[in-house]
Amino acid sequence: MENPLNDLTGAEWLYWTNSIYPTNFPPDPTHPLRKKHGAIKPPELMAEIISFFTKEGELVLDPFAGVGSTLLGADLVRRKAIGIELNAEWVRIYQEIKATFSVGPEGLVRGKTGRAIESLLLNGDCLEELKKFPAEQVAAIVTDPPYGCSHRVTFTRETNFAMYNPGEAKDFGNAASFATYLEKMAAFGREAYRVLMPRRYLVILIGDRYHNGEYYPLSTKVAEVMQQAGFKWKGMRIWWNQATQRPLRPYAIKRCYVPNITHQNILIFRKG
Ligand SMILES: C[S@@+](CC[C@H](N)C(=O)[O-])C[C@H]1O[C@@H](n2cnc3c(N)ncnc32)[C@H](O)[C@@H]1O
């Protein structure tokens, strides 16, 4: 029977349907550059996700690309990828990575001994840039948007704060409220639905939040918005990277229960 979605064996496919998804990826050689962005994902994780939802050579889109971890993941597994990122500094860092690293047999390597990194990163607002994309050309959308309103990523000491523009209204993370954020995500969902090929997948990595003393199930709210855009919600994986786990913080010990949210949700949607 022909497998229309990916190049995996049946056993690999089965393994990937486990709803609990622990990983243990150590920092890769591009990490010192990428970590200036405080919310990066391991390229190896992105490569695994992309390997499930595409075949070799197909086109992947990341509309909230940051410093390009999804794009690097796509190159690792020989897919094409286009990213969109609002902040010019994150685009500059990706271009530096592209100029300095290549893909060797064991992964990303410093120097040009391996395959060239080919994925493209556009600088702009995804809501504007996506309108220029033709309909039904993208095989998978795999992305990690800002996690709700007033979402400030934690910057490392090396970050130059001047490069971050907290006043940029187009940044989804600067939405004044969760309601405004969800409206922006709805506009994104409609464009995502249009550019995706029929029966293919949108994958969103997103954490839940704790807000005003209550658990705020952001991933569920975002899923409902994607359903309204036409997507079918097919499932969710709970991702936890042991190698970069967040330390437990002493929230309200011996007073009341406050969760340490150490996992992220991987939401999986299908068009049609
Ligand atoms: C969680 S980060 C993505 C990080 C990325 N996965 C990585 O590993 O580098 C979300 C990104 O979305 C970007 N962003 C926010 N609003 C945007 C918009 N309207 N268009 C494009 N990018 C946007 C932010 O600047 C931020 O870099």
Side-chain angles (χ1 to χ4, degrees), residues 23 25 27-28 30-50 60-76 81-98 108 117 119-133 141-156 159 161 163-176 180-192 195 203-209 218-219 222 239 241 244 264-267:
T23 61
F25 302 117
D28 77 303
T30 68
H31 187 264
L33 279 171
R34 289 187 303 111
K35 75 176 182 186
K36 289 175 186 160
H37 187 298
I40 51 171
K41 297 288 172 294
E44 299 90 340
L45 170 78
M46 306 316 289
E48 283 189 7
I49 297 172
I50 289 165
V60 177
L61 171 69
D62 181 355
F64 302 95
V67 287
S69 311
T70 308
L71 309 184
L72 297 174
D75 269 283
L76 283 174
I82 300 177
I84 306 169
E85 169 54 48
L86 189 62
N87 188 320
E89 177 57 14
W90 307 145
V91 177
R92 187 198 66 71
I93 288 176
Y94 176 70
Q95 301 304 358
E96 188 178 337
I97 291 169
K98 209 171 159 175
L108 292 158
I117 297 168
S119 300
L120 300 174
L121 181 51
L122 311 174
N123 185 202
D125 174 3
C126 66
L127 292 184
E128 289 164 18
E129 296 300 318
L130 281 174
K131 291 198 176 80
K132 303 174 194 164
F133 280 56
I141 302 175
V142 181
T143 195
D144 173 26
Y147 294 0
C149 64
S150 304
H151 180 232
R152 301 276 177 273
V153 291
T154 310
F155 288 93
T156 63
T159 304
F161 278 72
M163 68 177 64
Y164 177 61
N165 180 5
E168 175 56 80
K170 291 173 179 169
D171 187 326
F172 280 39
N174 285 339
T180 313
Y181 170 80
L182 291 171
E183 277 168 26
K184 282 175 161 286
M185 285 301 285
F188 157 68
R190 290 190 290 273
E191 279 306 309
V195 302
V203 180
I204 299 180
L205 288 80
I206 194 154
D208 289 331
R209 302 286 302 277
L218 183 65
S219 50
V222 166
W239 173 61
N241 195 28
T244 58
Q264 289 173 51
N265 301 312
I266 302 180
L267 307 177

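Atoms within a ligand are numbered from 1 in the order they appear, just like the ligands themselves.
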Out of all atoms in ligand 1, which are within 4.0 Å of some heavy atom of Gly124? Include the element for each. 20 (N), 21 (C)
Location of contacts on Arg34 toward ligand 1, heavy atoms closer than 4.0 Å: neither
Closest by any non-hydrogen atom to atom 18 (C) of ligand 1: pick that one out of Asp171, Leu45, Asp125, Leu72. Asp125
Would the distance check show the side chain of Lys132 and the main-chain N or O of Glu128 forming a donor-acceptor pair, the cut-off being under 3.5 Å? no
Is it the case that the side chain of Glu85 and the backbone of Trp90 share a donor-acceptor pair, with hydrogens and angles ignored and the cut-off at 3.5 Å? no
Given 3.5 Å as the limit, does a donor-acceptor pair link the side chain of Asp62 with the main chain of Leu71, or not? no
Would you please name every residue forming a side-chain contact (heavy atoms from CB on, under 4.5 Å) with Asp144, sequence neighbours left out? Lys41, Tyr147, Leu205
Closer than 4.0 angstrom: is that true for some heavy atom of Gly173 and an atom of ligand 1? no
Proximal atoms of ligand 1 relative to Asp144 (non-hydrogen, under 4.0 Å): 1 (C), 2 (S), 3 (C), 4 (C), 5 (C), 6 (N), 10 (C)
Quick check on contacts: which atoms of ligand 1 are under 4.0 angstrom from a heavy atom of Gly68? 9 (O)
Within ligand 1, which atoms have a heavy atom of Pro63 less than 4.0 Å away? 21 (C), 22 (N)
Quick look: Trp90 vs ligand 1, heavy-atom contacts under 4.0 Å, and the answer is side chain
Compute the centroid of each ring, for Phe172 and then for Phe188, and state whether the two points are separated by less than 6.0 Å. no
Give the numbers and elements of all ligand 1 atoms closer than 4.0 Å to a heavy atom of Ala65. 5 (C), 7 (C), 9 (O)
Distance-only, no hydrogens or angles: does the Tyr94 side chain make a donor-acceptor pair with backbone N or O of Ala65 under 3.5 Å? no
Find all atoms of ligand 1 within a distance of less than 4.0 Å from any non-hydrogen atom belonging to Lys170, and give their numbers and elements. 16 (N), 18 (C), 19 (N)
May I ask whether Thr70 has any heavy atom positioned less than 4.0 angstrom from an atom of ligand 1? no
Output yes when a side-chain donor or acceptor of Lys98 lies under 3.5 Å from a complementary backbone atom of Ser119, and no otherwise. yes
Distance filter under 4.0 Å to Phe172 heavy atoms, resulting ligand 1 atoms: 15 (C), 16 (N), 19 (N)
Would you say the side-chain atoms of Asn265 pair up with the backbone N or O of Gly207, donor to acceptor, closer than 3.5 Å? no
Among Glu85, Glu129, Lys35, Lys41, which one puts a heavy atom closest to atom 26 (C) of ligand 1? Glu85
Side-chain contact test, heavy atoms from C-beta onward, threshold under 4.5 Å: evaluate it for Leu86 versus Phe64 and give yes or no. no
Identify, by atom number and element, the atoms of ligand 1 in contact range of Ala39, meaning under 4.0 Å from any of its heavy atoms. 1 (C), 4 (C)
